[in-house]
Amino acid sequence: MSLCNAKLVTSVYIVQATYFPAVRSQIGVSVVTGLYGEGRSVWKKDSNFSPVSETQMFLYDTFPKEFLWGVGTGAFQVEGSWRKDGKGSSIWDHFIRSEFRAANSTDASSDSYTLLDKDLSALDFLGVTFYQFSISWSRLFPTGVVAAPNEKGLQYYNTLIDSLLYRNIDPVVTLYHWDLPLMLQEKYGGWKNESVIDIFNDYATFCFQTFGDRVKYWITIHNPYLVAWHGYGTGIHAPGEKGKIATVYSVGHNLIKAHAKVWHNYKTHFQPYQKGMMSIVLGSHWVEPNKSEDALDIAKCQQSMDRVLGWFAKPIHGDGDYPEELKNEFSFLPRFTEDEKNYIKGTADFFAFSFGPDNFKPPNTLSKMGQNLSLNLREVLNWIKLEYNSPRILIAENGWFTDSHVKTDDTTAIYMMKNFINKVLQAIKYDNIDVFGYTAWSLLDGFEWQHAYNIRRGLFYVDFKSEKKERIPKSSALHYKQIIQENGFFPRESNPSLQAQFSCDFSWGITESFCDSSLYLWNVTGDGLLHKVKGVKLKTRPAQCTDFVSIKKQLDLLEKLKVTHYRFALDWSLILPNGDLSVVNRQVLRYYRCVISEVLKQNIQSMVTLYYPTHAYLGLPGPLLQTGGWLNQSTAYAFQDYAALCFQELGDLVKLWITINEPNRLSDVYNRSSNDTYRAAHNLLIAHAMAWRIYDEQYRSFQYGKVSLSLHSDWAEPANPYSESHSKAANRFLQFEIGWFANPIFKTGDYPATMREYISFKNRNGLSYSLLPSFTSKEKQLIKGAADFYALNHFTTRFVVHEPQNGSQYEFDRDIQFLQDITCLSSPSRLAVVPWGLRKVLRWIKTTYGDIDIYITANGIDDQSLDNDELRNYYLGRYVQEVLKAYHIDKVKIKGYYAFKMTEEKSKPRFGFFTSDSKGKPSIKFYNNLISNNGFPHLVRNHKETVHTGGSPMMTFVSGEISFIHLLYIEDKFVYSKKGKNIL
């Protein structure tokens with residue numbers, strides 16, 4: 001069957017892959033786990049690793065069915081009522097009154113002690129399977145010593161546990177989350193004294209006896225590193241001691257022994273009939289080496305992890321002793337006897353891990369060893385797996401924070417959560433790491449330790465000054481609820497890959513900014529080089545197109561690309577150096593005519609851009625610049641004359657014209673004030689419309705061409721999908737960015753009502769003094785309909801935040817900011833790769849401006865690689881796939897696709913298929929295949945109901961088992977056919 005099918009028959013696959021273990025296992029390297037120091041292999045990066053490896057990108061998949069979803073709090077942070085019902089004081093009650101006078105007390109917190117029902121409603125809302133909370137030791141035993149318990153405190157925890165079980169929510173109970181009874185600090189010196197170990201064990205015994213019949217998950221101590229380091233070292237945590245480093249490690253030693261004693265107690269006396277499990281929450285940062293190939297930097301990363309996580313993890317999850325690095329570094333480090341080592345090792349039924357801001361702040365107190373902090377949760381999980389023999393892992397604390405003024409719109413927290421949880425999913429699916437549960441932190445806003453109330457970490461907002469202290473779900477709560485309901489991540493915006501082709505007359509093009517219009521002579525000095533000759537006309541023979549050596553170079557590049565169309569720009573200032581018709585550079589015009597005619601000989605049509613301004617080169621003739629450029633309406637009339645000249649001289653060879661490239665981005669140049677920006681845009685619109693009218697009235701009847709302008713048309717998504725203000729901001733961005741020019745031309749002859757109304761709103765409120773110019777009725781008639789197609793340049797999708805701004809600037813008038821999605825694949829210049837955004841903007845154009853012809857006149861990505869530009873291949877394949885869906889499924893009348901760009905420029909982002917010295921990159925072959933196949937023709941895979949349309953595979957699949965749900969696409973309908981299983 002030929003590429004031009006009378007009847008379109010295509011197929012779609014929804015692919016669900018069975019992924020492989022850790023990357024090193026995939027390439028046949030045996031992975032040994034559980035050996036001290038083995039974790040350092042995590043930092044040894046493969047220099048040839050693909051930037052678009054599926055194993056490194058955001059993963060749309062589900063967690064195991066039995067995966068546990070939870071949320072956590074610390075008693076001191078949320079309970080409040082520090083003196084109520086017989087509760088005793090803790091070291092933190094004392095500490096905040098001496099060190100945090102501004103914080104006053106935790107009575108300003110969420111008051112969970114008296115508002116339990118509201119906490120339970122919040123848990124119901126989320127749909128969690130467990131709730132991790134801590135018991136306030138001094139609420140049960142005011143002095144810390146086990147005696148008759150405080151009945152009110154006992155009643156509270158019994159009610160909490162019973163209420164959770166009634167809701168099928170498992171309680172995960174922490175015995176100690178930093179709030180040591182004050183009397184134990186004052187009498188014994190707190191954790192510096194070994195006597196506290198036995199007192200802690202007595203307290204734990206009471207809890208096992210009282211609650212153990214209903215509690216199946218116990219945590220002894222939450223993050224002992226912070227207890228020791230900040231409580232007895234830096235002094236920023238209670239009890240606030242700034243002791244010697246030896247004291248810090250002595251406290252850590254006692255905490256480890258306290259944990260081990262409680263674990264053995266439970267294992268011996270309670271676990272046989274209560275059937276619960278126990279661990280200790282260990283927290284850590286993560287570091288990346290300055291140079292991944294530097295063995296010394298990697299060794300320092302390992303040392304950094306040993307000093308924080310290894311300090312507690314190696315004795316408990318390893319061999320019962322401290323890391324060798326610590327023992328060698330600190331002569332004062334306490335020593336375990338052999339009996340103690342055997343007693344301590346293995347005292348955890350799972351690895352409970354904390355990874356959050358408390359482990360990263362303050363940064364000057366961290367043992368970074370001169371390396372770089374990183375939030376890569378997946379890598380630290382791999383380190384744990386390798387160091388401690390693949391333990392079962394519970395993420396016992398994870399999340400981030402917002403400033404205290406942020407209420408429910410915690411957009412940053414959404415992206416941090418999304419990133420963290422997806423890293424966990426990748427670790428499970430790709431690395432075979434046994435993570436069985438995840439604890440989002442925290443359920444509620446509360447007291448945040450050394451930060452007091454200056455930051456918030458809750459999924460639910462609490463107004464601490466209000467009487468009712470309602471739990472109001474933040475955006476992060478809505479996001480977490482969705483993740484729990486779906487047990488993972490499902491793609492929202494992309495359909496299955498479509499196997500189909502474009503129409504036979506579809507244009508496959510390449511865009512170049514400018515052509516080199518210089519004349520060169522060869523070897524005139526005997527050095528074998530080409531030398532540019534300024535202002536010389538050859539008179540030895542009639543002028544020929546071959547005089548321009550650069551044309552041959554362009555033809556060679558175009559031949560390699562195998563495109564059907566070539567988009568390039570003329571240089572107005574070269575053709576008309578005075579800005580008017582008084583001086584016409586015929587040599588330059590002849591050069592451009594030669595380019596077009598020589599390209600035509602290769603069956604390549606030219607799309608010619610009359611005016612292509614850039615940030616570095618405005619491209620206006622000097623005299624026009626001197627009279628104000630686009631701020632002067634006379635420039636529009638000069639452009640009309642220039643356009644008419646080009647139509648006259650070149651129009652017999654050109655069927656597609658672009659008057660102005662990206663006039664909506666000249667706001668970056670005319671930015672002295674918003675009024676300058678709007679005035680320049682106003683004149684650009686009039687200039688385009690006059691050029692179009694000249695063509696329509698004087699040349700179209702015999703040249704048969706089409707004319708438009710190219711608009712920068714990136715898509716906009718609300719950064720926070722749960723925020724109405726972000727949704728409005730995204731629409732406002734589209735109106736200010738695209739509608740600004742498209743609305744007058746393709747719709748009403750005037751600027752978008754949204755734009756006028758919003759600027760007026762800001763004017764009325766004294767937030768801006770911008771004035772959007774008005775068109776006369778004659779100008780409206782001139783502009784409306786002045787385009788034969790919609791031409792768009794699209795590169796990325798912008799994630800938009802509503803951000804009120806004051807001032808008379810175009811950017812301020814929009815009241816928006818952009819957010820970088822950290823989960824998104826991005827280019828070196830930080831362009832997010834969001835293929836479905838192109839389809840969305842194409843649909844939006846059709847919906848907003850009607851069923852018009854559309855050309856994608858520039859689409860591309862910067863890729864640093866010169867010899868293996870896989871990112872560009874990935875980008876091309878995914879974006880063209882979305883164009884195909886818009887074409888076939890959404891019925892958008894797309895006429896052509898032009899990749900950006902042919903040749904890269906020196907010292908700029910590498911967008912080119914060819915280097916600045918014309919060396920081709922592998923992406924050329926990829927684009928060749930797209931063009932020769934005219935899309936993605938279906939490939940027969942032993943399915944009888946599919947039709948082979950020829951061509952070669954577009955993607956290379958890694959061997960593995962793939963499950964297919966086969967869909968057949970015939971004309972405009974999808975029909976299900978049989979399911980199959982195939983080995984690729």
Side-chain angles (χ1 to χ4, degrees), residues 1-13 15 52 494-511 557-567 602-605 835 838-839 842 854-856 859-861 869-890 892-900 902 913 920-943 945-957 962 964 966-972 974 982 984:
M1 183 177 291
S2 73
L3 293 180
C4 300
N5 301 302
K7 187 175 186 180
L8 175 68
V9 181
T10 62
S11 67
V12 180
Y13 290 96
V15 181
V52 292
S494 59
N495 290 43
S497 294
L498 181 65
Q499 314 299 145
Q501 293 166 289
F502 293 98
S503 62
C504 300
D505 59 351
F506 192 79
S507 303
W508 290 98
I510 188 72
T511 291
L557 302 186
L558 289 168
E559 195 279 328
K560 290 175 182 176
L561 283 167
K562 304 188 186 308
V563 292
T564 63
H565 284 69
Y566 176 39
R567 182 188 173 206
Q602 290 192 354
N603 293 318
I604 298 173
Q605 295 278 343
L838 177 50
R839 181 180 177 190
L842 289 168
I854 296 176
Y855 285 85
I856 299 162
N859 179 239
I861 194 78
D869 52 344
E870 293 177 277
L871 177 59
R872 182 168 292 106
N873 287 347
Y874 180 90
Y875 183 97
L876 281 170
R878 298 309 194 278
Y879 273 75
V880 172
Q881 177 64 222
E882 294 301 312
V883 175
L884 192 70
K885 292 172 189 173
Y887 180 79
H888 281 298
I889 300 172
D890 307 327
V892 180
K893 291 168 66 175
I894 305 162
K895 294 298 192 179
Y897 173 91
Y898 291 67
F900 182 87
M902 189 159 76
F913 285 83
K921 302 177 186 178
S923 53
I924 293 169
K925 184 175 181 181
F926 188 90
Y927 194 35
N928 289 166
N929 286 335
L930 280 176
I931 294 169
S932 62
N933 289 315
N934 201 27
F936 299 87
H938 176 63
L939 304 171
V940 171
R941 296 186 186 276
N942 299 320
H943 291 277
E945 62 275 78
T946 63
V947 177
H948 182 237
T949 58
S952 58
M954 287 289 94
M955 302 298 295
T956 302
F957 291 88
I962 307 292
F964 291 103
H966 188 195
L967 294 174
L968 191 64
Y969 181 78
I970 303 178
E971 292 182 333
D972 61 350
F974 283 108
N982 195 3
L984 294 181

Examine distances only and state if a side-chain atom of Asn859 and a backbone atom of Ala899 form a donor-acceptor pair shorter than 3.5 Å. no
Note to self: I want to check something: taking the side chain as every heavy atom from C-beta on, are Leu842 and Asp890 in contact at a cut-off of under 4.5 Å?
What the structure shows: no
- Query: Hey, does the side chain of Tyr879 reach the backbone of Gly860 with a donor-acceptor pair shorter than 3.5 angstrom?
  - Reply: no
- Message: If you define the side chain from C-beta out and look only at heavy atoms, does anything of Leu876 sit under 4.5 Å from Tyr897?
- Response: yes
Rounded to the nearest 0.5 Å, the CD1 atom of Ile510 sits from the CG atom of Leu561 at a distance of 5.0 Å
Taken in chain and number order and not counting sequence neighbours, the residues that satisfy ring pair (Phe, Tyr, Trp, His ring centres under 6.0 Å) with Tyr855 are Phe789
- Message: With heavy-atom distances below 4.5 Å as the criterion, would you say the side chains of Phe502 and Val883 are in contact?
- Response: yes
Across all chains, not counting sequence neighbours, the side-chain hydrogen bond (donor to acceptor under 3.5 Å, both in side chains) partners of Tyr927 are none
Rounding to 0.5 Å, atoms CG (Asp505) and CG (Asn934) come to a distance of 9.0 Å
Applying salt bridge (Lys or Arg N to Asp or Glu O under 4.0 Å) to Lys925 and not counting sequence neighbours gives none
Hits for side chain to side chain contact (heavy atoms under 4.5 Å, CB included) against Thr564, two or more places apart or cross-chain, chain-then-number order -> Ser507, Trp508
Smallest heavy-atom separation, Gln499 atom then Pro937 atom, equals NE2-O, 3.8 Å
CD1 (Ile856) and CG (Leu838) are apart, to the nearest 0.5 Å, by 4.5 Å
So OG1 of Thr511 and CE of Met902: to nearest 0.5 Å the spacing works out to 10.0 Å
*Beyond-backbone contact of Leu498 with Gln881, side-chain heavy atoms, under 4.5 angstrom*: yes
Sequence neighbours excluded, the answer for side-chain hydrogen bond (donor to acceptor under 3.5 Å, both in side chains) partners of Glu870 is Ser50, Asn868
Residues passing the salt bridge (Lys or Arg N to Asp or Glu O under 4.0 Å) test with Lys895, sequence neighbours excluded, are none
(message) Does any part of the side chain of Val880, heavy atoms only, come nearer than 4.5 Å to the side chain of Phe936, both counted from C-beta?
(response) yes
The reported gap from CG in Asp869 to NZ in Lys921 (rounded to nearest 0.5 angstrom) is 6.0 Å
CD1 of Ile924 to CG of Asn929, rounded to nearest 0.5 Å, is 12.5 Å
Correct closest heavy-atom pair for Pro835 and Arg878 would be CG-CB, 3.4 Å
When every non-hydrogen atom of Phe913 is compared with those of Ser923, the smallest separation belongs to CD2-OG, 3.4 Å
Contacts of Lys560 meeting side-chain hydrogen bond (donor to acceptor under 3.5 Å, both in side chains) (sequence neighbours excluded), chain-then-number -> none
Tyr887 meets the side-chain hydrogen bond (donor to acceptor under 3.5 Å, both in side chains) criterion, sequence neighbours left out, with Ser503
Quiz item: Can you tell me if His888 uses its side chain to pair, donor with acceptor, with the backbone of Gln501 under 3.5 Å?
Solution: yes
Looking only at heavy atoms, the pair that brings Val563 and Gly509 closest together is CG1-C, 3.9 Å
Quiz item: Do Phe926 and Arg872 have side-chain heavy atoms sitting under 4.5 Å apart?
Solution: no
With sequence neighbours left out, the residues meeting side chain to side chain contact (heavy atoms under 4.5 Å, CB included) with Glu559 are Lys562, Gln602
